[in-house]
Amino acid sequence: MRYIEPNEPGSQEAAEAETLRKENQELKRQLQELRGGHGHAGAPAKLWHPSGLTIWSVFLAAIVVLVVAFFVGYVPLQKRNDLIRSEAQQQEQTLPRVEVIQVGRSSHNSELQLPGSVQAITEAPVLARATGYIQHRMADIGDRVRAGQTLLEIEAPELEEQVRQAAASLQQDQAALDQALANQEQGKSDLEFARATAQRWSHLFTRGVVSQHENEQYNTQYQSRIASVKALEKAVAVQRGNVAAAEANLARLREMQSYRVVKAPFDGIITLRNVDVGALVNAGNTLLFRIAQTGTVRIYVNVPQMNASFVRLGQPARLHVTNLPGRYFTGAVARTANSLDPASRTMLVEIHAPNPDGALLPGMYAQVEFSSARGQPPLLVPSDALISRADGTSVATVRPDHTVHLQKIEVGRDYGDRLEVIGGLQQGDTILSNPGDFGREGLKVNPVRVGAKASQ
């Protein structure tokens, strides 16, 4: 067998092949001698002593095997370990990116939005003052009426009979008064005659013509006539009182008779009609109509205790209703209760708003916005930035070294999506807009402005 080493000249290859062939033959011979020496004892067989070239060939083959094993197994494993180590190191060095915002102040105009109930500026129920039956009805629900306009007429025969009876009683009392006056005149005449008679008999008594008994008799008659005239004057006064009472009663009944015609108390709209023609009504009990004046409406708002001190008389207010989107009405605070309801801890506020076209209807639900100027507006943060825990309310601030710090704050007014902070923060502080899992003390973060991240 011939072996040719690569990259060697032809003569050298032939010499090496010849050397290997001789060594191969020598190895075969020695092997045969070893086999022949097992059967009998003899001289020890000659052992194989490989040449240096053979040893080097075996050594080089082992090195080649080791190199191949190294490149096949160790190198990919080492690369994979390096990649894992590099990814772990990169992950450790990469900080979480969080959205941050700077704390700023709210606007100088304080805004407060609360629900309110729209009511008519003036609203009154119209009740019957006369008992009877509805004879005519001239108005119905939804009609606009003027002050003094006739709404309906009531037929009251019993009242008319009472008026006639009162008129007759007045005539009787007037006749009794006339009789009392006639009696008084008669009494005055009798008194004058008794006075003259008493004077004559007194003159005759002084002359000694008549006796003292006769003189005293006529004087007594004179005094009796005086008392009788005084009694007649009292009777006349009593009759005059009876006449005045009868006249007052007749006037009252005639006034009640005028209530048969029901009139509107003021300009407005009829919001309720409770009777129809032929219905029986009782004085003071039957509700006929309800009239509301809606040229100006009043809105009642319950202001919470936290905001009660910000509402003052004359403060402007703006309101809108859901069924009129995009339209706003302006008004002003007319009066406040100046006290809180102990049940709800709210203060009742009344707002007046012009309503010339009648767009605002009584009973509507409205959203009322109050606005007032403030000299030192409080800080404002989003409500998502708030962290509520057992130890209190706080926000996650970001220090200059990009570490998170949980700062306790004092919350003021709540606008829903925003909160006023009245203590614990300063203008310009950086906070996490939505802490989530990153709201931990001392956590290293990579802060990103909300606007900058949005632009990316």
Separation between [atom1] of [X] and [atom2] of [Y], rounded to the nearest 0.5 Å:
X      : Y      : atom1 : atom2 : answer
Gln305 : Arg345 : CD    : CZ    : 7.0 Å
Ile387 : Asn434 : CD1   : CG    : 9.5 Å
Leu313 : Arg335 : CG    : CZ    : 9.0 Å
Leu319 : Arg327 : CG    : CZ    : 10.5 Å
Met364 : Gln119 : CE    : CD    : 12.0 Å
Ile299 : Ser117 : CD1   : OG    : 9.0 Å

Would you call [X] and [Y] a side-chain contact if the rule is heavy atoms closer than 4.5 Å?
X      : Y      : value
Arg137 : Asp276 : yes
Pro382 : Ile101 : yes
Leu170 : Val243 : yes
Arg389 : Leu406 : yes
Val421 : Val103 : no
Ile270 : Val126 : no
Phe370 : Asn307 : no
Glu123 : Thr271 : yes

Between [X] (side chain) and [Y] (backbone), is there a donor-acceptor pair under 3.5 Å?
X      : Y      : value
Arg298 : Ile121 : yes
Asn282 : Thr131 : no
Asn274 : Leu287 : yes
Asn355 : Leu360 : yes
Glu155 : Gly132 : no
Asp173 : Leu177 : no

Query raised in the report: Could you go step by step and tell me if Leu253 and Leu159 meet the side-chain contact (heavy atoms from CB on, under 4.5 Å) rule?
Result: CA-CA 7 Å; Leu253 293 174; Leu159 183 60; 4.1 Å; yes

Requested in this report: Evaluate side-chain contact (heavy atoms from CB on, under 4.5 Å) for Leu348 paired with Asn302, printing each intermediate quantity in order.
Outcome: CA-CA 5 Å; Leu348 184 63; Asn302 291 314; 3.5 Å; yes

Query - Identified ring-ring contact (aromatic ring centres under 6.0 Å, His included) counterpart of His320 within the set Tyr365, Phe329, Tyr328 - result: Tyr328

Is the number of heavy atoms from other residues, nucleotides or ligands within 6.0 Å of [atom1] ([X]) greater than 12?
X      : atom1 : result
Tyr259 : OH    : yes
Lys408 : NZ    : yes
Gln135 : CD    : yes
Gln427 : CD    : yes
Gln179 : CD    : no

Identify the two heavy atoms, one from [X] and one from [Y], that lie closest to each other, and give their separation to 0.1 Å.
X      : Y      : answer
Ala128 : Ile154 : CB-CD1, 4.2 Å
Ala283 : Arg129 : CB-O, 3.4 Å
Val145 : Leu151 : CG1-CD2, 3.9 Å
Phe289 : Arg273 : CE2-CG, 3.3 Å
Val301 : Gly116 : CG2-CA, 4.1 Å
Val333 : Arg312 : CB-O, 3.5 Å

Query raised in the report: What's the verdict on salt bridge (Lys or Arg N to Asp or Glu O under 4.0 Å) for Arg164 and Glu161, showing C-alpha distance, side-chain angles and the deciding distance?
Result: CA-CA 5 Å; Arg164 288 192 295 268; Glu161 184 64 27; 2.4 Å; yes

Query raised in the report: If you measure from the Lys or Arg side-chain nitrogens to the Asp or Glu carboxylate oxygens, is any gap between Glu255 and Arg252 under 4.0 Å?
Result: no

Report task. Could you please spell out the steps behind the side-chain contact (heavy atoms from CB on, under 4.5 Å) verdict for Thr346 and Val303? Result -> CA-CA 5 Å; Thr346 58; Val303 180; 6.0 Å; no

Query raised in the report: Taking it one step at a time, do Met138 and Glu153 satisfy side-chain contact (heavy atoms from CB on, under 4.5 Å)?
Result: CA-CA 8 Å; Met138 294 80 168; Glu153 294 180 357; 3.8 Å; yes

